[in-house]
Amino acid sequence: MNHFHYMNGEMYCEEVPLKKIADEVGTPFYVYSAATFKKHFEDFEASFKEVPHIICFAVKANSNLAVLNLLGKLGCGADIVSGGELYRALKAGIDSKKIVYAGVGKTEEEIEFALKSDILMFNIESLQELEKINEVAKRLNKKARIALRVNPNVDPKTHPYISTGLKKNKFGIPIEKAYQEYEYAASLSNIEVVGAHCHIGSQLTDVSPFVDATKIMVELVKNLKDKGIEIKYLDLGGGLGIKYKDETPPSPKEYADKLIDVIKGLDVTLVFEPGRVIAGNAGALVTKVLYTKDTELKSFKIVDAAMNDLMRPTLYGSYHEIKPVKEGNYKNVYGDIVGPICETGDFLAKDRDIPDFQQGDLVAVMSAGAYGFTMSSNYNSRPRVPEILVNKDKYYIVRRRETYDDLIGLECIPEDL
Ligand code: LLP
């Protein structure tokens, strides 16, 4: 579901024509729909309304301050993985009591920052991390609320780079060791065990791996209770997939119904960390065709956005739908949409039928609201593109385009070199 649509022959985001933004802001740019963000959050929220729950948006999917602020105002929390994400979430006004912190490599400074911010809980990924958090909490004379991130060894059947809950992945504590480590955690002076966490992967389009992992977690929570360790929060991570092309992921309601069924009778507050399902289809990357070039094998459409702006196609072979901003009778050609970067991997679409765009045409790369801007870089010294947030008939530049001065602003030439 999203609020990108055609009207009078051109593509709009809500009530704003994309061409108007392109004329006023230039290309390329990311554009997000506030209404889509709201709708996705509210659908997820409503799906779990019959059970106590907290939704913590995965900040890594889209960390723009305005987006986080919008979600925070709706009551959303944050799932963070770094001090930088914590800083953003707090600056955006997200309630610290709704912030959960995962990640295998939390530094001492980051732990201190999170403890001082009084976040809901740390999702701990190793014994050494647990000991470090206890040590920092002791120094600060605080108690750290924690969950152990358990690796349930369930195959999420997704791309190997975004599968996280298998034995061979670096994440979490193996389920076999969980009991022992929970007992150890409970014995530490400055640790308060409050939760259990798992996250098995991203872009899951089948509900069964979620159900399998949840069954394992429910069993764990029950057994811990028998051992006198009370779990208040069961955090089931994120991972619900979206439609990029022809996937048929379960709706939040179908996902919720299946999980609620498994959890029935357990006295816990559920925590969810959705990223993509909230943000993915709320955004597009709009770019302009600079040149076209036809070869014997295929047609190349060279656009002003590149792999540094949207890494997903080259990194995971991901498919993003390509649409013309001006609705027209484009015939399709076989070819690639490529950027100006000096790498063969620089493509936004590859070896597929694409509209036969001409020089100057505007192109919308769809479903780019999650892991789009957040994974962008300055490779080839390309200033990062602006982010635009549309709300009804208004648009806001919620991150301006970087300048050449921004590119070199943090660098210096030593005088005595
Ligand atoms: N919680 C944890 C602990 C995670 O590691 C992740 C994603 C999420 C929640 C959110 O997952 P989501 O609901 O968005 O699937 N860059 C990749 C995705 C990497 C996901 C990493 N972890 C992509 O562009 O597909």
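Each ligand, and each atom within it, is numbered from 1 in the order the structure gives.
Close to ligand 1: Asp79, with a non-hydrogen atom less than 4.0 angstrom away. In this structure, Gly239 counts as a contact residue of ligand 1, since one of its heavy atoms falls inside 4.0 Å of the ligand. For the ligand labelled ligand 1, residue Lys60 lies inside the 4.0 Å heavy-atom shell.
Contact atoms of ligand 1 toward Ser202: 11 (O), 12 (P), 14 (O), 15 (O), 20 (C) (distance under 4.0 Å to a heavy atom of the residue). Atoms of ligand 1 lying under 4.0 Å from any heavy atom of Gly275, numbered from 1 in the order shown and given with element: 12 (P), 13 (O), 14 (O). Ligand-side atoms of ligand 1 in range of Arg276: 12 (P), 13 (O), 14 (O), 18 (C), 23 (C), 25 (O), range being under 4.0 angstrom from any heavy atom. With ligand atoms numbered from 1 in the order given, ligand 1 contributes 3 (C) to contacts under 4.0 Å with heavy atoms of Arg149. Atoms of ligand 1 lying under 4.0 Å from any heavy atom of Pro274, numbered from 1 in the order shown and given with element: 13 (O). The atoms of ligand 1 that sit less than 4.0 Å from any heavy atom of Glu273 are 1 (N), 2 (C), 3 (C), 8 (C), 9 (C), 10 (C), 13 (O). Listed by number with element, the atoms of ligand 1 under 4.0 Å from a non-hydrogen atom of Met375 are 16 (N), 24 (O).
At most 12 heavy atoms of other shown residues, nucleotides or ligands fall within 6.0 angstrom of atom NZ in Lys288. The environment of CG in Asp226 is crowded: more than 12 heavy-atom neighbours from other residues, nucleotides or ligands sit within 6.0 Å.
In this structure, the side chain of Ser63 does not engage the main chain of Lys60 through any donor-acceptor pair within 3.5 Å. Remark: the backbone N or O of Phe48 is paired with a side-chain donor or acceptor of His53 at under 3.5 angstrom. A donor-acceptor pair is defined here as one N or O able to donate and one able to accept, closer than 3.5 Å; such a pair exists between the side chain of Asn151 and the backbone of Phe171.
With distances taken over non-hydrogen atoms, the option nearest atom 11 (O) of ligand 1 out of Tyr244, Phe272, Tyr371, Phe57 is Tyr371.
Residues Asp206 and Ser208 bring a donor and an acceptor atom of their side chains to less than 3.5 Å of each other. A side-chain donor from one of Asn281 and Ser367 sits under 3.5 Å from a side-chain acceptor of the other.
Using a 4.0 Å cut-off between a side-chain N of Lys or Arg and a carboxylate O of Asp or Glu, Glu112 and Arg139 qualify as a salt bridge.
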